[in-house]
Amino acid sequence: MTKTWKPRITLFQCQWCLYAEADQHWVDHQLPNNIHLVKVPCTGKISPLYILNAIQGGTDGVLISGCLPEKCHFKEGNLGARRQLDEFSRFLNYIGYEKDRVRFAWLDLQERGRIQQELAVMEKNLLELGPADKLTTRLPLQEGEAA
Ligand code: FES
């Protein structure tokens with residue numbers, strides 16, 4: 001691994017949780033190239049398949065940024081997402097995508113600078129873990145075929 005390696009991060013961001021204007025502008029227009037933004041109407045709308053798709057596309061880590069538990073616009077969409085994605089990250093860990101590569105962050109509407117902090121923590125953790133092994137789809141072996 002070279003010293004210039006930058007982990008690829010997919011940021012799933014609830015559209016309601018970043019109202020601090022400067023932060024929203026930074027996310028919309030100044031994200032570093034290694035961060036791919038996916039805005040969602042609520043973290044409760046994130047299918048585990050979206051995450052799997054990002055991983056198959058080569059992302060080294062996934063950060064899910066949503067509203068505080070009591071401030072979700074869809075009542076408990078974020079709590080359901082948290083439960084579902086915790087379960088799913090256990091499955092990902094089982095198939096070789098380390099659990100620490102998927103993080104969840106609750107952001108309050110006016111927490112200035114928090115998204116940058118969360119991304120910095122994510123990037124630091126991923127630098128320690130190194131690049132993720134790309135998950136590939138493999139056809140099952142046919143009878144008599146060598147593994
Ligand atoms: Fe933001 Fe549900 S509306 S997480």
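Remember, it's 1-based here, ligands and their atoms both numbered in the order they're listed.
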Suppose we measure from atom 3 (S) of ligand 1 to each protein heavy atom; which comes out shortest, and what is that distance? H73 N, 3.3 Å
Which atoms of ligand 1 have any heavy atom of W16 under 4.0 Å away? 3 (S)
Which of the numbered atoms in ligand 1 are under 4.0 angstrom from any heavy atom belonging to C42? 2 (Fe), 3 (S), 4 (S)
Proximal atoms of ligand 1 relative to T43 (non-hydrogen, under 4.0 Å): 4 (S)
Is there a chain of hydrophobic side chains (I, L, V, M, F, W, Y, each step under 4.5 Å between heavy atoms) that links L68 to I46? yes
Only heavy atoms of C72, strictly under 4.0 Å: list the atoms of ligand 1 that pass. 2 (Fe), 3 (S)
Hydrophobic clustering (ILVMFWY, side-chain heavy atoms < 4.5 Å, transitive) - are I9 and L129 grouped together? yes
Quick check on contacts: which atoms of ligand 1 are under 4.0 angstrom from a heavy atom of N78? 4 (S)
Do F12 and T43 have side-chain heavy atoms sitting under 4.5 Å apart? no
Answer whether the closest heavy-atom distance between the side chains of R103 and N125 falls below 4.5 Å. yes
Under 4.5 Å between any side-chain heavy atoms of K71 and W16, yes or no? no
Could you walk me through whether V62 and L85 pass the side chain to side chain contact (heavy atoms under 4.5 Å, CB included) test, one step at a time? CA-CA 11 Å; V62 176; L85 297 173; over 6 Å; no
Of the side chain and backbone of C67, name the one, both, or neither that has a heavy atom under 4.0 Å from an atom of ligand 1. both
